[in-house]
Amino acid sequence: MQLSVIILNYNVRYFLELCVTSVQKAIKNLDAEIIVIDNNSQDDSCEMMKKYFPSVKLIENKENLGFPKGNNIGVNQAKGEYICILNPDTVVAEDTFT
């Protein structure tokens, strides 16, 4: 696998949806994966991910482990040669990764 995109989420469902949608478009011609780590959000972020993005790997933490530890969980699961860590309020252009 060429690229792993790691997105750490905490209670920003709307931004997460926009972010994942943009990343999916940007990786459509790449050997890439998206990993979303949720730090025990109390909104419906995880339900939204399961409903609209079933092909995205979702890791649901049972507590808010903070930014570094949350990202490290995603990095440990990543299979890509390259890793990109994105905040969930990021929207990428379709040619960002190419």
Side-chain angles (χ1 to χ4, degrees):
M1 180 161 300
Q2 196 173 18
L3 174 67
S4 296
V5 179
I6 311 289
I7 305 166
L8 179 64
N9 180 65
Y10 181 67
N11 287 328
V12 289
R13 180 220 178 274
Y14 175 75
F15 292 121
L16 178 63
E17 184 176 356
L18 295 176
C19 180
V20 172
T21 298
S22 73
V23 172
Q24 280 187 326
K25 290 177 184 174
I27 66 169
K28 71 178 178 181
N29 295 319
L30 298 174
D31 182 20
E33 65 180 347
I34 302 170
I35 301 172
V36 171
I37 304 91
D38 185 80
N39 258 345
N40 198 30
S41 294
Q42 300 304 305
D43 60 5
D44 67 342
S45 294
C46 291
E47 291 77 16
M48 179 274 299
M49 286 300 302
K50 292 173 188 174
K51 181 176 181 180
Y52 296 116
F53 305 103
S55 65
V56 172
K57 182 170 188 159
L58 174 64
I59 300 169
E60 297 180 66
N61 291 335
K62 300 299 180 201
E63 61 182 305
N64 185 341
L65 300 174
F67 186 80
K69 192 167 186 175
N71 278 313
N72 284 338
I73 289 169
V75 169
N76 287 336
Q77 296 291 315
K79 295 179 175 65
E81 179 180 355
Y82 299 99
I83 295 175
C84 176
I85 296 176
L86 287 180
N87 285 336
D89 61 348
T90 304
V91 175
V92 297
E94 290 186 24
D95 64 348
T96 295
F97 300 118
T98 55

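- Taking the side chain as every heavy atom from C-beta outward, N39 and K69 never approach each other to under 4.5 Å.
- The two residues I7 and L16 come nearest to each other via the heavy atoms CG2-CD1, 3.8 Å.
- Between Q24 atom CD and F53 atom CZ the span is 5.5 Å, to the nearest 0.5 Å.
- Contact check for E60 versus K50: side-chain heavy atoms found under the 4.5 Å cut-off.
- The CD1 atom of I34 sits 4.0 Å away from the CD1 atom of I27 when rounded to the nearest 0.5 Å.
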Could you walk me through whether N9 and F15 pass side chain to side chain contact (heavy atoms under 4.5 Å, CB included), step by step? CA-CA 9 Å; N9 180 65; F15 292 121; over 6 Å; no
Under 3.5 Å, which donor-acceptor pairs link side chains of residues 72-85 to any protein atom two or more places apart or in another chain?
| unit_1 | atom_1 | unit_2 | atom_2 | d |
| --- | --- | --- | --- | --- |
| N72 | ND2 | P68 | O | 3.3 |
| N76 | ND2 | N72 | O | 3.2 |
| Q77 | OE1 | K57 | NZ | 2.8 |

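- Considering every non-hydrogen atom in both M49 and V36, the closest pair reads CE-CG2, 3.7 Å.
- Under the 4.5 Å side-chain heavy-atom criterion for grouping Ile, Leu, Val, Met, Phe, Trp and Tyr, V20 is not connected to I35 through any hydrophobic cluster.
- At a threshold of 4.5 Å between side-chain heavy atoms, the hydrophobic network of Ile, Leu, Val, Met, Phe, Trp and Tyr places Y14 and V12 in one connected group.
- Panel note: side chain D43, backbone S45; a donor-acceptor pair is recorded below 3.5 Å.
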Apply side chain to side chain contact (heavy atoms under 4.5 Å, CB included) to the pair N29 and F97, showing each step before the final yes or no. CA-CA 10 Å; N29 295 319; F97 300 118; over 6 Å; no
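- With sequence neighbours left out, E17 forms a salt bridge (Lys or Arg N to Asp or Glu O under 4.0 Å) with R13.
- By the criterion of side-chain heavy atoms lying less than 4.5 angstrom apart, applied directly or through intervening Ile, Leu, Val, Met, Phe, Trp or Tyr residues, Y52 is grouped together with L86 in one hydrophobic cluster.
- Annotation: the span from Y10 atom OH to L65 atom CG amounts to 11.5 Å, rounded to 0.5 Å.
- With hydrogens and angles disregarded, no donor-acceptor distance shorter than 3.5 Å links the side chain of N40 to the backbone of N64.
- Scanning both residues, T90 and S22, for their nearest heavy atoms gives O-OG, 4.1 Å.
- D38 places a side-chain N or O within 3.5 Å of a backbone atom of S41 that can act as its donor or acceptor partner.
- A single hydrophobic cluster is seen to contain both F67 and I59, as judged by linkage of ILVMFWY side chains at heavy-atom distances under 4.5 Å, directly or through other members.
- In this structure, L18 is not a member of the same hydrophobic cluster as V92, with clusters built from ILVMFWY side-chain heavy atoms closer than 4.5 Å.
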